[in-house]
Structure formats: C-alpha cells, structure tokens
Number of protein chains: 2
Amino acid sequence: METRTATSIFESLSSGWRLEAFRLLVRQGPDGMVAGDIASALDLAPSSLSFHLKALAHAGMVTVEQEGRFQRYRANIPLMLELIAYLTEECCAGNPASCIDLLAASSCSTEVVKAIAPKTDKS
Amino acid sequence: METRTATSIFESLSSGWRLEAFRLLVRQGPDGMVAGDIASALDLAPSSLSFHLKALAHAGMVTVEQEGRFQRYRANIPLMLELIAYLTEECCAGNPASCIDLLAASSCSTEVVKAIAPKTDKS
DNA sequence: ACAATATTTCAACGAACATTGAAACGATGA
DNA sequence: TCATCGTTTCAATGTTCGTTGAAATATTGT
C-alpha cells in the first residue's frame, strides 16, 4: 500500500461521523445500509452525511450501489485489513516476536488464535 | 477505546509527514530516534517536524524522552495494536469466520500464523 | 406528465490545519 | 558565564475542512 493511499484512508477515518458511519457499516456486514437509514442511525443531516460518505468512498473505505431510489453503502473490509497489514508489517519486520506477543492481546487476533488454537491444544 | 481517541489517532496519521515519521519510529523499535535525525531522514524543517511530532504525541502515538540536549521519540506500538483491535473487533463480532479468512491474507497475520503453525504442523 | 421520495450538489461561512521564518527556551561545554 | 547547539514556540499567512439550507438530480408510483 502506498503512503498516499494510507493517509487518504486515515483522513477518512479522522472524523467522528465518518468513523461511526464506517463502523456501523462494518457491523452490518455484507448487507450494508442505505443512506437514509445511516443518516437516521447517526442523527445526521442527509446533506452532511452525503459529504462524509463521499469522503469515505473516495478513500475506498465504502462502496456504493444504486438500489432503486436508494443508495446502498457497504464497508470495504478487505481494504481495512490491507491497512492493518500496512501498519503491522513494519512492526513485524523489525521484531516479529514482540509484535506477535502484542498482537495476541488484541481482540481480533484473539479470535484468530481461538480459530487456530484447537489444532494446537486440546485443553 | 473511545471514538474520540480513535479519531484523534486517525487524524494524527492522516498527514504524510506524520505517517512517515511514525512508521520510521516503528521501524526503529525500542531505540527510537532523536528529533534532529528524524528531520534529516524525512528532509523536513525542524520547526515543521516539531509541529507534527507534537500532534503524534498528543494522540499518544509517540512518546518523548529528554536525553541530554536531545529529544528521543519512540512509537507507541501497544496503542497502535489497540487501534487495530478497535477496528477489527466489530468485524469479528459480526461474522468471525469471514473476518478470520480475510485476516489470514494480511501480512502480519501471516507472521502470526507462521509463529503458531510450527506447533500445529511439522511439514 | 406530475408529484413524491431519496440523495447529492452547491455556495457561503466559520473553524481548523500546515508552512514559514524568527525568536525563545533549555542543556552542554569551554 | 558565555557561546553554541538542539528543539520548540509563536505569529502570520494561505489552504483545507465541516455545517447549513436551498436547489438540482434521479427514481418511482399515479
């Protein structure tokens, strides 16, 4: 991932409204949400939400699909994970062992470990 | 992690200079770097670098320690991982299976898997 | 075609950010 | 203590961001 891409994503997540909108869409998963419902959920003016969704879409963090008279937005999970990889790869490169130890404390890694653990330990 | 904390961090990483500085410090690991060396490495005016380091420090992404007449900066790796956990926990909560599949494709998770794999498989 | 609905675009205003150079601060060594 | 070095602070400037309300666009149902 290029620096410019990463800064664009970070900028898109640097607003409270945009971060809440993105996390809301992450929670909805593949179903996504239409603009009006997002605006209602966040209690934000449609005009302002559109501004923020456009910023998220420009950064690639959400996708939009026309659905009748609605616009359905979805979180771009793969890109989110690319961003995480971008941040962590340098850490791992430097001192993999300590980075892994720290990652083990994160909730998502915990999920990963739980998914892998059964193969390593029966207890 | 609170939304406000996360947006503060994202904002701190939304500038090219700050992202480069942070990644540089991540690469240096526990050794960190003094301000002047960071300025040289990035070819940035000391005054401007100070502005950006202050922003990173305010967000908690770097720590600073006086060392004689130098100021030594270090990346706050644990906070970076907390941020990753903040982003990924919602994803995992919704549909753990697909989130794990996607995580497996990320470079750092690859490192994690490599670290765990030997316990699970001798090949 | 017309009206209603969903959403975006636009202009304008105020607020916040980034760069610059000069000045100030604090630590060091002669 | 004096000069020097490393770094930060400050003020000024130009740029970018966020909200608002009105207008425009696009889709649907009558």
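Naming convention: chains lettered A, B, ... in sequence-line order (proteins, then strands); numbering from 1 in each chain.
At a threshold of 4.5 Å between non-hydrogen side-chain atoms, the residues B:Gln71 and B:Leu53 do not count as touching. Between B:Leu83 and B:Thr5, every side-chain heavy-atom pair lies at or beyond the 4.5 Å cut-off.
Judged by a 6.0 Å distance limit and a 45° cone about the ring axis, A:Arg23 is positioned over the six-membered ring of B:Tyr86.
In terms of phosphate contacts, B:Ser48 brings a side-chain nitrogen or oxygen within less than 4.0 Å of OP1 or OP2 of C:dT19. Proximity of B:His52 to the phosphate of C:dC17: no side-chain N or O atom is located under 4.0 Å from OP1 or OP2. Dashed line: the shortest gap from a side-chain N or O of A:Ser47 to OP1 or OP2 of D:dG21 is not under 4.0 Å.
B:His58 has its NE2 atom 14 Å from the C1' atom of C:dA16, to the nearest Å. One atom, CE of A:Met33, and another, C1' of C:dT7, lie 15 Å apart when rounded to the nearest Å. Rounded to whole Å, atom P of C:dC17 lies 17 Å from atom CG of B:Leu53. The separation between B:Leu49 atom CG and C:dA18 atom P is 13 Å, rounded to whole Å. Look at NZ on A:Lys54: it is 14 Å from C1' on D:dT25, rounded to the nearest Å. Between the CG atom of A:Leu42 and the P atom of C:dT7 there is a distance of 13 Å, given to the nearest Å. Distance CG (A:Asp43) to C1' (D:dT19): 14 Å, rounded to an integer number of Å. Protein atom CZ of B:Phe51 is 15 Å distant from nucleotide atom P of D:dA11, rounded to whole Å.
Residues from residues 60-76 of chain B that place a heavy atom under 4.0 Å from any atom of DNA chain C, listed by number: B:Gln66, B:Gly68, B:Arg69. Heavy-atom distances under 4.0 Å link DNA chain C to B:Trp17 of residues 7-17 of chain B, given in residue order.
Comparing C:dA18, D:dT19, C:dT8 by their nearest atom to the side chain of A:Ala35 picks out C:dT8.
Side-chain atoms of B:Ser40 come within 3.5 Å of backbone atoms of B:Gly36 as a donor-acceptor pair (strictly under, hydrogens ignored). Proximity of a side-chain donor or acceptor of A:Asn76 to a complementary backbone N or O of A:Gly60 within less than 3.5 Å is detected.
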Item to complete: Verify side-chain contact (heavy atoms from CB on, under 4.5 Å) between A:Ile77 and A:Val26, making sure each step is shown before the conclusion.
Response: CA-CA 7 Å; A:Ile77 308 293; A:Val26 167; 3.9 Å; yes

task = Quick one: do A:Arg18 and A:Glu11 satisfy side-chain contact (heavy atoms from CB on, under 4.5 Å)? Show the steps, please.
result = CA-CA 10 Å; A:Arg18 291 196 292 265; A:Glu11 202 280 330; 3.6 Å; yes

Checking B:Leu56 against B:Ser12 for the side-chain contact (heavy atoms from CB on, under 4.5 Å) test, could you report, in this order, the C-alpha distance in whole Å, the side-chain angles of both residues, the deciding distance, and whether it holds?
CA-CA 5 Å; B:Leu56 282 168; B:Ser12 78; 3.8 Å; yes

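The two atoms that bring A:Trp17 and A:Leu42 nearest to each other are CZ3-O, 3.3 Å, heavy atoms only.
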